[in-house]
Amino acid sequence: MGIDGDAPGPPHRQFGEEGGRLSYGGYLCLPELLAQQRPQSHAPDELLFITIHQVYELWFKLLLHELEGAREAMFAGELWRARHVFRRVHAVERVLIEQIEVLETMTPQDFLKFRSQLAPASGFQSVQFREIEFLSGLKDERYLGSFRHASDTELARLRRRLGEPTLWDAYLAALARRGLAVSDEEIMASLLAVARDRRSYDDLWQLAEDLLTHDETAAQWRMRHVQMVERQIGTKSGTGGSTGAPYLRGRTRLHYFPLLWELRAWL
């Protein structure tokens, strides 16, 4: 009973004052975060360039976290959880594509005011982006020799990604858990069985569609990225020594899960 004989109600809480230990800026480490934009020139648009690419790296960090979660869920047979995670992955990847429009508000003339200050730095050197590709199935050991400026810790991460299971490995484990064959000779027959018997295997089909959407949005980002590069620098070489747009355009045809695309021709 309350002081006046009434039934006690919920306690009066000053939620924001209870702990008294955290603030918005402290929790997000904003002083440290906002001190990381360090232009190398006086060009007005360099802050835009740095901010966009740092935001990309933050999204990459989240994507790696979520893709690892999706992989673990598939290995555990928790396909519902994997599908939930992939919805988040797809939403983030759509944001990555849309961010390019912000970068394109910078004119080629404005970019040239500070581009020479960037060499030999290049997006080609993004360790997290390569981690995403390796985790998704595009493993290429040759890239280890391209990261001359990477730390020992970053190189160790890339080597670990080369040796660990991919998303496709996790999907094959989910198929095998349902009694479907996953050998190289039998995998297409199993994929066809999933596609043709939705009553029995709709969860596996929908998960395959989630993988395909991840593949497709990555391809859309690559295409949108190369268009932005061509709009900014044309056919000039990249600051990191690559051929620039021709190299990027050659990667637009890559697939994480080629068998899921080939499946369409067999249906």
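All residue numbers refer to positions in the sequence shown, counting from 1.
Across Ala208 and Tyr171, no two heavy atoms sit closer than the pair CB-OH, 3.4 Å. In this structure, Leu135 and Pro165 approach most closely via the heavy-atom pair CD1-O, 4.0 Å. Here the shortest heavy-atom pairing between Gln232 and Leu103 reads NE2-O, 4.1 Å. Closest of all the heavy-atom pairs between Lys139 and Arg161 is CE-O, 3.3 Å. In terms of heavy-atom proximity, Gly69 sits nearest to Arg81 at O-NH1, 3.9 Å. The shortest heavy-atom contact between Met106 and Asp45 is CG-OD2, 3.3 Å.
Within a 6.0 Å radius of CD in Glu101, no more than 12 heavy atoms belonging to other residues, nucleotides or ligands are found. In this structure, Glu141 places its CD atom where only 12 or fewer heavy-atom neighbours from other residues, nucleotides or ligands lie under 6.0 Å away. Counted within 6.0 Å of CZ on Arg231, heavy atoms from surrounding residues, nucleotides or ligands total 12 or fewer; the atom is thus considered open. Around NE2 of His255, the count of heavy atoms belonging to other residues, nucleotides or ligands within 6.0 Å exceeds 12.
Applying the side chain to side chain donor-acceptor pair (under 3.5 Å) test to Trp266 and every residue at least two apart in sequence or in another chain returns Glu262. When the side chain to side chain donor-acceptor pair (under 3.5 Å) test is applied to Glu209, the partners found at least two apart in sequence or on another chain are Arg264.
With 3.5 Å as the limit, one finds a donor-acceptor pair spanning the side chains of Ser136 and His214. With hydrogens and angles left out, the side-chain atoms of Trp59 and Glu93 include no donor and acceptor closer than 3.5 Å. Judged by distance alone, the side chains of Thr51 and Gln37 never bring a donor and an acceptor atom under 3.5 Å apart. Side chain to side chain, Asp197 and Trp205 fail the donor-acceptor criterion of an N or O pair below 3.5 Å. Using modelled atom types, one finds a donor on one side chain and an acceptor on the other under 3.5 Å when comparing Glu46 with Ser41. Of the N and O atoms on the side chains of Glu186 and Ser183, at least one donor lies less than 3.5 Å from an acceptor on the other residue. No side-chain N or O of Thr213 forms a donor-acceptor pair with one of Asp210 less than 3.5 Å apart.
Here the straight-line distance linking atom OH of Tyr256 with atom CZ of Phe134 works out to 11.0 Å at 0.5 Å rounding. To the nearest 0.5 Å, the span separating CE on Met74 from CG on Leu175 amounts to 10.0 Å. Between atom NE2 of residue His90 and atom CD of residue Glu216 there is a gap of 9.5 Å, rounded to the nearest 0.5 Å. Separation of atoms CG (Leu30) and OG (Ser23) is listed at 8.0 Å; rounding is to 0.5 Å. A distance of 6.5 Å separates CZ of Arg87 from CZ of Arg83, quoted to the nearest 0.5 Å. Within the model, atoms OG1 of Thr217 and CZ of Arg222 stand 9.5 Å from one another, a figure rounded to the nearest 0.5 Å.
Residues Val92 and Val85 fall within the same hydrophobic cluster, defined by Ile, Leu, Val, Met, Phe, Trp and Tyr side chains chained together at heavy-atom separations under 4.5 Å. Hydrophobic clustering (ILVMFWY, side-chain heavy atoms < 4.5 Å, transitive): Phe49 and Ile52 are in one cluster. No continuous path of ILVMFWY side-chain contacts below 4.5 Å connects Val55 to Leu47, so the two sit in separate hydrophobic clusters. Met188 is connected to Val194 through a chain of hydrophobic side-chain contacts under 4.5 Å among Ile, Leu, Val, Met, Phe, Trp and Tyr, so both are in one cluster. Leu204 is not connected to Phe75 by any chain of hydrophobic side-chain contacts under 4.5 Å among Ile, Leu, Val, Met, Phe, Trp and Tyr, and they are in different clusters.
Between Arg159 and Glu164 there is no salt bridge, since no side-chain N of the basic residue sits under 4.0 Å from a carboxylate O of the acidic one. For the pair Glu133 and Arg130, the salt-bridge criterion is met [side-chain N within less than 4.0 Å of a carboxylate O]. Arg178 and Asp203 are joined by a salt bridge, as a carboxylate oxygen and a charged side-chain nitrogen come within less than 4.0 angstrom of each other.
Ring orientation note: the planes of His225 and Trp221 are close to parallel, at an angle under 30° on the 30°/60° scale. Phe257 and Trp168 have tilted rings, their planes meeting at an angle from 30° to 60° on a 0 to 90° scale.
A ring-centre distance under 6.0 Å is found for Phe114 and Phe111.
Residue Leu172 is tested with Leu180, Ile187, Leu167 for a side chain to side chain contact (heavy atoms under 4.5 Å, CB included); the sole match is Ile187.
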| task | Start with the C-alpha gap between Phe60 and Ile132, add the side-chain angles, then the distance that decides, and say whether side chain to side chain contact (heavy atoms under 4.5 Å, CB included) holds. | result | CA-CA 8 Å; Phe60 291 163; Ile132 291 171; 3.8 Å; yes

